[in-house]
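Written below as structure tokens is the structure these notes are about.
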Amino acid sequence: MRRVRSKRLLKDESGATAAVFGLSLFALVAIGGLGFDYARLAGMDSELQNAADQAALAGASQLDGKVGTCMRASAAASTLVANMTLLANDGDGTAVTLAPEPDCDADGNIRFWQDKGKTQAADDDSNAHFIEVEIGARTANYAFTPLAGAMRGDLGALAFAGVGSAICKVPPVMMCNPAEATDPDFTVDNYIGDGMLLIADGGYAPGNFGFLASNISDPVNDKADQGAQALAEAMGREAPPGNCISIDGVTTEPGAMSKVRDALNTRFDVYANGLNNACGKDGEYCPPAYNTRKDLVRGNGNGKCNGNTWVQPASGARYLPSSGYLSAADRAKLAPMGFPRDICHAVSPMNCGGRIGDGDWDRAAYFESNKATYGAGFSPLATFGTDTPKRYDVYKWEVEQQLEAGGLQPLDRQAAGNGNFSDGTPSCSPPGIVGSETVPDRRVLSVAVINCGAEGLSGRKSGVHVTQWIDMFLVEPSFARDRTSDKDVYGEIIGETRLGGGGGTTDNTVRRDIPYLIE
């Protein structure tokens, strides 16, 4: 019997689990400890990376290119955002600190760069376009898995940020850089006050005028719009529909744009048939500017927006000769005279050497033909502080006179007595829109200048680089005159579009700068 029990005992395995568990306990404790310590290490990594990200975003919000940019960005990165690490146990406390480094350079823990690729360090406030923040290493000493005190986790963090910009509440307009071959950067200061002859529907040749896509939708009819209809709404309506346009890269929108030009003309109180969808009944969504002085007279005088017929006056020289100023006798024939083109653009753009004029327009003829507003003996020097004021400055002065006097005097009432007239004050939807710091001026456009040749434009294309955003004063409506095509758009360059818009004069744009993380 004893021999049988001994054999059973040898074969009995009922106690093996406890033995296995006992042998495995050290490994299980080690694995659990590794998991705990790894979780602490991963948590500390997230804390430090979050600190670096927030510091970089705070610094990027100050990258406006103005004096003190780097100092303000450094201060924002180091002080505006308070960050903590609860998982570091290296004895240095819970605060994540970042010492300010106000110099515009790529040294230290706060570094400034000119480009996204970090190939050119910034050396000035004006070219500090990106900020890189490095958080120094912090330590998490392992709690459960030390090996003679040598095992610990040392982690730091790095973040790189810049500013993404968008331009909002503006019609989506572009032009091909007319000086791409000689001035690819389009140095705006060289052209302020110069006339610009733009051609629509002419492809992407230098100086041509075109449009940009902006995901336009019709808020009135609550539907998405496409193509020319959508652009007509954006060009004509007081509150342009559609999303903001990225300053960093745009999408071109080609196509036949006669309807779009018609919508643009509503800013001059000129309403063609067929604009009901874009502008509503009687142009209610597309009001004119407060000052619509132009070289056209209204033919039917019916006071309605839809169906108004604007024509050239039956008499009087509306255009200037290719060289020289008009004589006093010739000036008296100018009835009416809106703001004229540069003299060299009056007949052919080749007289200016291209699409950019020289800013020399016949001021004497303009003031003479508008005696009702300016009076005999008018002195530009006394009024504007210069004998050669820009058209845009004269336009703004006229708006002030309108506001004080309740309207500008008529430019022309024809001798034939047929009722044709052209007032500086709009007659379709008076009194028109007065531009201000918060209301866009209807005769000012923000235009994207693109090097169309370098960008290889031939149709719709996304991610197109904008060389400059400029503000342009609309001089003439698009109209088929004796010497112009209805594809012509003529403007005067005001200046570079800046934060606040309108060449620093009116809030024609709302530009939004948003910091974003790159890495």
Looking at side-chain heavy atoms only, is the closest gap between [X] and [Y] below 4.5 Å?
X	Y	answer
Asn177	Ile450	no
Asp362	Phe367	no
Leu445	Leu264	yes
Val394	Thr383	no
Asn208	Met175	no
Val173	Leu212	no
Val434	Val439	no
Gln114	Asp123	yes

Could you measure the distance from the [atom1] atom of [X] to the [atom2] atom of [Y]? Nearest 0.5 Å is fine.
X	Y	atom1	atom2	value
Ser74	Ile131	OG	CD1	7.0 Å
Leu197	Cys352	CG	SG	8.5 Å
Lys294	Asp269	NZ	CG	5.0 Å
Lys396	Glu398	NZ	CD	12.5 Å
Asn291	Arg443	CG	CZ	5.5 Å
Thr292	Ile433	OG1	CD1	12.5 Å

Side chain to side chain contact (heavy atoms under 4.5 Å, CB included) for Val444 and Ile494? Distances and angles first, verdict last. CA-CA 9 Å; Val444 176; Ile494 298 174; 3.9 Å; yes

Verify, without hydrogens or angle tests, whether [X] (side chain) and [Y] (backbone) share a donor-acceptor contact under 3.5 angstrom.
X	Y	value
Asp183	Phe186	yes
Arg237	Cys279	no
Asn265	Pro477	no
Ser446	Asp471	no
His345	Gly354	yes
Glu492	Met472	no
Asp358	Asp360	yes
Thr187	Asp189	no
Arg111	Phe130	no
Arg442	Pro287	yes

Evaluate Val188 against Ile493 for side chain to side chain contact (heavy atoms under 4.5 Å, CB included), listing each step before the verdict. CA-CA 8 Å; Val188 183; Ile493 297 173; 4.3 Å; yes

Does the ring center of Phe339 lie less than 6.0 Å from the ring center of Tyr490?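 No: the rings miss the under 6.0 Å criterion.
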
Test Asp342 against every option in Arg355, Arg363, Arg391, Lys390 by the salt bridge (charged side-chain N to carboxylate O under 4.0 Å, His left out) rule and name the one that passes.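 Of the listed residues Arg355, Arg363, Arg391, Lys390, the salt bridge (charged side-chain N to carboxylate O under 4.0 Å, His left out) partner of Asp342 is Arg391.
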
How far apart are the closest heavy atoms of [X] and [Y], and which atoms are they?
X	Y	value
Arg72	Val67	NH2-O, 3.5 Å
Ala106	Ala121	CB-CB, 3.6 Å
Ala73	Phe112	CB-CE2, 3.7 Å
Pro288	Pro426	CG-CB, 3.5 Å
Cys344	Gly357	SG-CA, 4.2 Å
Cys286	Thr266	CB-OG1, 3.6 Å

I would like to know whether Ser478 and Asp486 meet side-chain hydrogen bond (donor to acceptor under 3.5 Å, both in side chains); could you show each step before the answer? CA-CA 5 Å; Ser478 176; Asp486 60 2; 5.7 Å; no

If the plane angle is over 60° it's perpendicular, under 30° parallel, otherwise tilted; pick one for Tyr366 and Trp361.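 Aromatic pair Tyr366/Trp361 classed perpendicular.
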
Arg267 and Leu474: side chain to side chain contact (heavy atoms under 4.5 Å, CB included), yes or no, with the steps? CA-CA 9 Å; Arg267 296 163 180 264; Leu474 292 172; 4.0 Å; yes

Looking at Tyr392, Tyr395, Tyr290, which hits side chain to side chain donor-acceptor pair (under 3.5 Å) with Asp441?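 When side chain to side chain donor-acceptor pair (under 3.5 Å) is applied between Asp441 and each of Tyr392, Tyr395, Tyr290, only Tyr395 qualifies.
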
Arg341/Glu476 salt bridge by N-O under 4.0 Å criterion: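 Between Arg341 and Glu476 there is a salt bridge, with a charged N closer than 4.0 Å to a carboxylate O.
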
Residue pair Val466, Met174: steps toward the side chain to side chain contact (heavy atoms under 4.5 Å, CB included) verdict: CA-CA 9 Å; Val466 176; Met174 61 144 293; over 6 Å; no

